[in-house]
Amino acid sequence: MSTSKSARAISLETLIKVLQDKSYSNISLNNSLNHSDLSQADQNLATKIVYGTIQYRLFLEYQLKGLVRTKLTEKYLKPLLLMSIYQIVFLDKVPNRAVLDEANKLAKQFGKHHSSGYRVVNGILRSFIRRGVILPDAKDEIKYLSVKESMPEWLVNYFANHWGMGRTKKLLESINQPAKNSVRISALCDRDQVFNQLKTESYEPEWSNLSVNDVILGHGGVSQSDLFKRGKLTIQDEAASLVVESFDFDSKEEYILDACSAPGGKTVQMAERVVAGDVTALDIHEKKLHLVKENAKRMNVANKVKIKACDARKVQDVFKPGEFTKILVDAPCSGLGLLRRKPEIRYTKTERDLQNLQKIQLAILDSVSPLLKEDGELVYSTCSISVEEDEAVVEKFLKLHPDFELKPFKLSKLESKTGMLKIMPDQDNNDGFFIAKFKMRG
């Protein structure tokens, strides 16, 4: 790839891949940025345009109503219009004139020979600037919120049915806020020392309100730091780090199973707490296990982590009953708790997915539960807030396994008296997460 592409050219190239070819935004964007010679400021602009356009796609498409008078045949046209309208509406520091100039240049650059695409783009964008933003009638609350907050109607309905319209508005506003830069300090390090080093290096750290070992940074780029490379900290959301906190660790021998481990954030976190014993990390995809290995090596716990490619629904073919003192099922899920961090999830998931995933989640719990030692602990977690994948899974598992019961747990800054904890994305602008802890009936 040429290294002379502008930030907006890279944004458009990435958006064509994501919106037209269904590529993953993070992979496509990272590949493009890694092969570019953009300054940090231009990389930040490209990132903002790509994620902002994906996040607000539904809203941006609605703005084209009444403005498109011809079929947008060329592949680049719709992504270019969407990213241009995104900049006009959401990027206050970029003048409209600059957006139009850049859009015209990109239309000529990406258009076919003798294409009139730049005239189409220019005409539509000028019309939009004259007309301004439009929204549906506010009387239809679901449709209005769907367009305003750029969330599919089924999800707005789902939130409203479960948490009421007032909470839904707060949830949607919160989900559209930028994700925090959260890091977890290794349990093998001196927390205050690492925190002070982050301060010295101008990361503007603040302690998390949720977890005692997590720190919120004022800006990104920490993966390039010496602290990261030497395994003193890792990039992990505060809510995600609570999952491992829900286990009771002591100095006895621990043999832990992480049933769905890749990329290994929680595997590593558990290995840091193991005094004697080890963590066996499973993943259905062998390729993904190299990420677990790399993570464990960087975080200085490779000697406590074993990896095995295995479908968690078939673990009884590989391990003996009662082999593990602790089991974590951080289950494959819809990711509805990560809507802020992974904006395309809102457009790719359906309500049917929640039921299909529930079957997989139950099958995994059903398969791993006999491997737990009598006085052991089984933790089930998802990065979803859907009732089908969270509370309903717990209820069905307990019905199928009357020998198990929920076990209350304490975290560093929270506690669950019921054995279940749901973190919602509007609580402190963190990821949405669900944790349930089980033990065998005594």
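No experiment lies behind these values; they were computed from the predicted model shown. Heavy atoms only: backbone and side chains are in, while hydrogens, waters and symmetry mates are out.
A cation-pi arrangement is absent between Arg167 and Phe159, since the terminal nitrogen or guanidinium carbon is not both under 6.0 Å from the aromatic centre and inside a 45° cone about the axis. By the 6.0 Å and 45° rule, Arg57 stacks over the aromatic ring of Tyr347.
In Glu153, the CD atom is crowded: over 12 heavy atoms of neighbouring residues, nucleotides or ligands sit closer than 6.0 Å. The neighbour count for Lys342 NZ, taken as heavy atoms of other residues, nucleotides or ligands under 6.0 Å away, does not exceed 12. At most 12 heavy atoms of other shown residues, nucleotides or ligands fall within 6.0 angstrom of atom NZ in Lys93. In the displayed structure, Glu286 atom CD is contacted under 6.0 Å by at most 12 heavy atoms of other residues, nucleotides or ligands. Within a 6.0 Å radius of NZ in Lys422, other residues, nucleotides and ligands contribute more than 12 heavy atoms. Atom NZ of Lys48 has 12 or fewer heavy atoms from other residues, nucleotides or ligands within 6.0 Å. No more than 12 heavy atoms of other residues, nucleotides or ligands lie within 6.0 Å of NZ in Lys396, so this atom counts as exposed by the packing criterion.
The minimum heavy-atom distance between Leu338 and Cys383, with the atom names listed, is CD1-SG, 3.6 Å. Here the shortest heavy-atom pairing between Thr14 and Ser25 reads CG2-O, 4.3 Å. Scanning all heavy atoms of the two residues, the minimum distance from Pro205 to Val215 falls at CB-CG1, 3.4 Å. Across all non-hydrogen atoms, the minimal contact from Ser369 to His401 is OG-CE1, 3.5 Å. Across every non-hydrogen atom of Arg441 and Pro402, the tightest pair is NE-O, 2.8 Å. Closest heavy-atom contact between Ala46 and Leu33: CB-CD2, 4.2 Å.
For Phe90, the ring-ring contact (aromatic ring centres under 6.0 Å, His included) criterion is met by Tyr56, Phe59, Tyr86, not counting sequence neighbours. Scored by the salt bridge (Lys or Arg N to Asp or Glu O under 4.0 Å) test, Asp214 finds no partners at all (sequence neighbours excluded).
Aromatic ring centres of Phe397 and Tyr380 lie farther apart than the 6.0 Å criterion allows.
By the 4.0 Å N-to-carboxylate-O rule, Glu102 lies close enough to Lys105 to be salt-bridged with it.
At distances below 3.5 Å, not a single donor-acceptor pair connects side-chain atoms of Lys266 with backbone N or O atoms of Val243.
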